[in-house]
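The structure appears below as structure tokens.
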Amino acid sequence: MTVPAPTPRTTIAEDLRRRIIDGEFAPGSRLSEAAMTAHLDVSRNTVREAFRLLQAQGLVEHVAHRGVSVVSPTVADVVDIYRARRTLECHVLGHAAPRHPRVAAMQAAIEQGEAAAAADDWRVVGTANMAFHESLVALSDSPRLMRSFGNVLAELRLAFLEIDDSEGLHHPFVGRNRALLDTLVEQGPAAAATALERYLVDSERVVLAALTRRP
């Protein structure tokens, strides 16, 4: 069976998604259809379709007479993001196999985060933390859950970009990632899911407190 090549609009949407998540386009910034068309050397219809895909993923919004902008998550958005995280991540971890192959990826992400924290590279710590939670959801062996969780993390990354305190966001959870994995391996999935529930409640509080301190 021959797998079709990705369409141009899908490729452009994936490229723009990566650039948004990496912070190249800040939350709230306008994405000019004309500028994108010229820069990417594609048709306006192709750019519009890419924007529609990103809008469906919650990364951009279209406002009448103002065009397309990168989403700037609100407090209500963050509350809903964490509601989704608790529902999805805790369920997956509560049914996980402690010897699942993806446990090794969780361990690698922990080590990367610890090394970056020791070097005060909090941007890399944030990336490692995302990788840890992606590997956690991969314990489900469900590509559909992984896709859904990828969209949730992308929206969360936008919220993080609004906060000018990467160390405050990530430092409290470097050690807790290792503790969470130890709980899974030593005490089992039920205990780990309970610990993750507390972890995510605390993480939500940190993010919300940081958002409310913004000018």
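Every value quoted in this text rests on a predicted model; they were computed, and no experiment measured them.
- Linking ILVMFWY residues whenever their side-chain heavy atoms come closer than 4.5 Å, directly or via other members, leaves Met106 and Val124 in distinct clusters.
- Both Tyr199 and Val185 belong to a common hydrophobic cluster when Ile, Leu, Val, Met, Phe, Trp and Tyr are linked at side-chain heavy-atom distances under 4.5 angstrom.
- Residues His170 and Phe160 bring their aromatic ring centres within 6.0 Å.
- For the pair Arg19 and Asp22, the salt-bridge criterion is not met [side-chain N within less than 4.0 Å of a carboxylate O].
- Every pair passing salt bridge (charged side-chain N to carboxylate O under 4.0 Å, His left out) that includes a residue from residues 71-80 is listed here, sequence neighbours excluded: Asp80-Arg83.
- Closest non-hydrogen pair, Ala84 versus Val152, comes out as CB-CG2, 4.3 Å.
- Taken to the nearest 0.5 Å, the CG atom of Leu59 stands 12.0 Å off from the CZ atom of Arg157.
- For the residue pair Asn151 / Arg17, a side-chain donor-acceptor distance below 3.5 Å is found, with atom types taken as modelled.
- Open room surrounds NE2 on His171; 12 or fewer heavy atoms of other groups in view lie less than 6.0 Å from it.
- Residue pairs meeting the salt bridge (charged side-chain N to carboxylate O under 4.0 Å, His left out) criterion with at least one partner in residues 129-150, sequence neighbours excluded, do not occur; the list is empty.
- Using a 4.5 Å heavy-atom threshold, the side chains of Ile20 and Val71 count as separate.
- One hydrophobic cluster holds both Leu153 and Leu88 under the rule that ILVMFWY side chains link at heavy-atom gaps under 4.5 Å.
- Side chains of Asp15 and Arg18 form a contact here, defined as non-hydrogen atoms less than 4.5 Å apart.
- Applying the side chain to side chain donor-acceptor pair (under 3.5 Å) criterion to Gln112, with sequence neighbours excluded, gives no partner residue.
- With 3.5 Å as the limit, one finds no donor-acceptor pair spanning the side chains of His62 and Gln55.
- Nearest heavy-atom pair, Ala97 versus Val103, reported as atom, atom and distance to 0.1 Å: O-CG2, 4.2 Å.
- The line from OG1 of Thr183 to CZ of Arg176 is 10.5 Å long, rounded to the nearest 0.5 Å.
- Separation of atoms CZ (Arg205) and OH (Tyr82) is listed at 12.5 Å; rounding is to 0.5 Å.
- Of all heavy-atom pairs between Leu158 and Pro27, the closest is O-CG, 3.5 Å.
- Atom CG of residue Leu200 and atom CD1 of residue Ile81 lie 12.5 Å apart, to the nearest 0.5 angstrom.
- Leu184 is connected to Phe173 through a chain of hydrophobic side-chain contacts under 4.5 Å among Ile, Leu, Val, Met, Phe, Trp and Tyr, so both are in one cluster.
- Arg123 is linked by a salt bridge (charged side-chain N to carboxylate O under 4.0 Å, His left out) to nothing, counting only residues two or more places apart in sequence or in another chain.
- The nearest pair of heavy atoms linking Val60 to Phe51 is CG2-O, 3.6 Å.
- A salt bridge links Glu204 with Arg86: the closest approach of a Lys/Arg side-chain nitrogen to an acidic carboxylate oxygen falls below 4.0 angstrom.
- Remark: Glu33 engages Arg44, Arg48 in a salt bridge (charged side-chain N to carboxylate O under 4.0 Å, His left out) (not counting sequence neighbours).
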Exercise for review: Applying side chain to side chain contact (heavy atoms under 4.5 Å, CB included), run through Asn177 and Ile110 and close with a yes or a no.
Suggested key: CA-CA 7 Å; Asn177 286 345; Ile110 289 169; 4.0 Å; yes

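- Residue Val174 comes nearest to Ala117 through the heavy atom pair CG2-CB, 4.3 Å, listed as atom of the first residue, atom of the second, then distance.
- Here the closest non-hydrogen pair linking Val137 and Leu145 is CG1-O, 4.2 Å.
- Interatomic distance, Ile12 CD1 to Met36 CE, rounded to the nearest 0.5 Å: 10.0 Å.
- A continuous path of hydrophobic side-chain contacts links Val42 to Leu54 [ILVMFWY only; heavy atoms under 4.5 Å].
- Crowding of Asp182 atom CG: a count of heavy atoms from other residues, nucleotides or ligands under 6.0 Å exceeding 12.
- With hydrogens and angles ignored, the 3.5 Å screen pairs a side-chain donor or acceptor of His95 with a backbone N or O of His91.
- Counting only heavy atoms from C-beta outward, the side chains of Met130 and Leu156 approach each other to under 4.5 Å.
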Got a list of side-chain donor-acceptor pairs under 3.5 Å for residues 187-197, not counting sequence neighbours?
residue : atom : partner : partner atom : Å
Thr194  : OG1  : Ala190  : O            : 3.2

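- Side chain of Arg30 to backbone of Arg66: a donor-acceptor contact under 3.5 angstrom is found.
- Taking CD1 of Ile21 as the start and CG of Leu161 as the end, the distance is 9.5 Å to the nearest 0.5 Å.
- A 4.5 Å side-chain heavy-atom check between Glu155 and Pro73 finds every atom pair outside the cut-off.
- Looking only at side-chain heavy atoms (C-beta outward), Arg102 and Leu136 stay at 4.5 Å or farther from each other.
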